[in-house]
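Have a look at the structure below, then the notes.
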Amino acid sequence: MTTPAPAPFTADDYRARMDRAARAAADAGLAGVLVAPGPDLVWLTGYRVPADTERLTLLVLAPGQDPVLVVPKLEAPDAERATGAPALTLRDWTDGVDPYAVTAPLLAADGRFGVSDNAWALHLLGLQRQLPGSSYTALTDALPMLRAVKDAAELERLAAAGAAADAAYEEIRKVPFAGRKETDVAGDLADLLRRFGHEQVDFTVVGSGPNGASPHHEAGDRVIERGDMVVLDFGGLRHGYGSDTSRTVHVGEPSAEEQRVHDVVREAQDAACRAVRPGIACQEVDRVARAVITDAGYGEHFIHRTGHGIGVTTHEPPYMIEGEEQPLVPGMCFSVEPGIYLPGRFGVRIEDIVTVTETGGRRFNTTARELAIVD
C-alpha cells in the first residue's frame, strides 16, 4: 500500500498546540501544565525522549510565559533537534545538580498544575519538596479534551492509518486459520500492519472459540479449529497516529446462534455509528449500542464501554461510556466497538474508528462488517 507521506508538522504547529494547552489550563483555573516524556510531550513539541530515564525531563506551560523544556544536559542535543524546539526555551541541568531546584522558579509557588498522566511520582514529590504550597492533578481529569479535537492534518493521518488496517484485514482473510495457533495468525497480522505502513504495532488480538469471550485475550498457543468464531482486534501507529479495528470471522460455516449473535452486534455497531453527530453526549453513543444488544437479550454479555478516543495513542479520551456527558465536537475521533461475549463459548466484536463531522459521523474503517468465512 503506497500512499504519499503526509506533510510533516512544523514548529508553528507545535507552537499553536502549546499555546492552546496554556490557554486551556488558564480556563480550567490551573497555574499551568507540566508534561513528562510520553505522548503528550510528543504531541506538544515533537520531542520523543530517546530512552526511558529516571532523569527529569519536563515541559512547563503556563499562561503568559514562554514554554520551557527542562532537560538533562546530556540529552539536550536531541531535544534541540525536535521540530518544536524553536517554539520553546531549553533549560538544561547536569548530574549532581538538583533538577527540582532548577524547575521550581518556573512555577507559581502555590499553583495548582495539570500533570501528564505518566509523570513519575518521584518527580512530583521532588517538586513538592521545593514548592510545598503547590498541588497537582492529572491531565486526564483536568483537561480531558486537550488532544481530543483533531485538525485536518491529524485527520489525514488517522484516515491513512485506518485504511492501512483495513488493507491488513483484507489480506488476513486469505490466510489459513484452521490448524494454526492464534499466535501464528497474530504474527501475520503484525507483519501485514507493518507492510501497509505502520511503524509501530500495539496489539494483535486473536481470540478463537472460547478465548473470544475474553475481550483483551492475548493470542496464545490454542490451535484454531473448524467451527471456531475468531475475534480479530489489531492496531498501532502509522505516521504517528493510531489505527484500531475489530472484525469477527468464522472458520467454516457458522451455526444459527453464532450468526444471530454476530447480526446483533453488527446492528448495534451500525446504530451507534449512525447516532454520531455534533452536540450529543459521548454516553449517547454507548446507550444506542447497548440498547440494541439488551433488547436482543444479551445485555449482560456486553461487558465494556462502547468506545475510546484515538490519536497519537490508540486509547485516549473521550470515552463512549455511561456517565460521560462531554458533547461530541467536530474533529473528535473514537472507536465504536460493541461486543457480545458468551463465557466458555465464543465472542463477537465489530469496531470502526469514527470522526465527528459538521453533520454527523464518518468512519475511517470501511471493510465489510458481515460475518466473514475463512478457511
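One is the number of the first residue; the rest follow in order along the sequence.
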query: Do Val223 and Glu182 come close enough that some side-chain heavy atom pair is under 4.5 Å?
result: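 In short, these two side chains do not touch, never coming nearer than 4.5 Å.
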message: Using side-chain heavy atoms (C-beta onward) and a distance below 4.5 Å, is Met320 in contact with Glu337?
response: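 Sidechains of Glu337 and Met320: no contact.
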Joint hydrophobic cluster, [X] plus [Y], side-chain heavy atoms closer than 4.5 Å:
X      : Y      : value
Phe196 : Leu237 : no
Trp120 : Leu69  : no
Leu139 : Leu59  : yes

task: Sort out for me which residue in Glu258, His262, Gln259 forms a side chain to side chain donor-acceptor pair (under 3.5 Å) with His250.
output: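 That would be Glu258.
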task: Using salt bridge (charged side-chain N to carboxylate O under 4.0 Å, His left out) as the criterion, point out the one residue from Arg147, Arg17, Arg48 that pairs with Asp40.
output: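 In the set Arg147, Arg17, Arg48, the residue that makes a salt bridge (charged side-chain N to carboxylate O under 4.0 Å, His left out) with Asp40 is Arg147.
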- request: Sort out for me which residue in Arg369, Arg266, Arg362, Arg274 forms a salt bridge (charged side-chain N to carboxylate O under 4.0 Å, His left out) with Asp352.
  value: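 Checked Arg369, Arg266, Arg362, Arg274 against Asp352; only one passes salt bridge (charged side-chain N to carboxylate O under 4.0 Å, His left out): Arg369.
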task: Assess whether salt bridge (charged side-chain N to carboxylate O under 4.0 Å, His left out) is satisfied between Glu284 and Arg287, documenting all intermediate values.
output: CA-CA 5 Å; Glu284 291 299 327; Arg287 288 174 176 175; 2.7 Å; yes
Between [atom1] on residue [X] and [atom2] on residue [Y], distance to nearest 0.5 Å:
X      : Y      : atom1 : atom2 : value
Arg15  : Thr10  : CZ    : OG1   : 8.5 Å
Leu193 : Arg238 : CG    : CZ    : 10.5 Å
Thr83  : Phe9   : OG1   : CZ    : 10.0 Å
Thr204 : Glu218 : OG1   : CD    : 8.0 Å

message: My understanding is that only one of Val115, Leu30, Leu143 makes a side-chain contact (heavy atoms from CB on, under 4.5 Å) with Thr137; could you say which?
response: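 Exactly one pass, corresponding to Leu30.
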- prompt: Excluding sequence neighbours, so at least two apart, what forms side chain to side chain contact (heavy atoms under 4.5 Å, CB included) with Ala368?
  reply: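 Checked Ala368 against side chain to side chain contact (heavy atoms under 4.5 Å, CB included); matches are Glu370.
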message: Apply salt bridge (charged side-chain N to carboxylate O under 4.0 Å, His left out) to residues Lys181 and Asp184 and explain how you reach the verdict.
response: CA-CA 5 Å; Lys181 294 179 181 179; Asp184 296 331; over 6 Å; no
task: Please name the pair of heavy atoms, one in Phe203 and one in Ser243, separated by the smallest distance, quoted to 0.1 Å.
output: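 Minimum heavy-atom contact is CZ-O, 4.3 Å.
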query: Residues in salt bridge (charged side-chain N to carboxylate O under 4.0 Å, His left out) with Arg173, at least two apart?
result: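 With sequence neighbours excluded, Arg173 shows a salt bridge (charged side-chain N to carboxylate O under 4.0 Å, His left out) to Glu170, given in chain and number order.
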- prompt: If we ignore angles and hydrogens, is there a donor and acceptor under 3.5 Å between the side chains of His239 and Glu199?
  reply: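 No, because no side-chain N or O of His239 sits under 3.5 Å from a partner of the opposite role on Glu199.
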- prompt: Passes salt bridge (charged side-chain N to carboxylate O under 4.0 Å, His left out), Arg290 versus Glu300? Steps please.
  reply: CA-CA 10 Å; Arg290 206 165 295 278; Glu300 66 181 297; over 6 Å; no
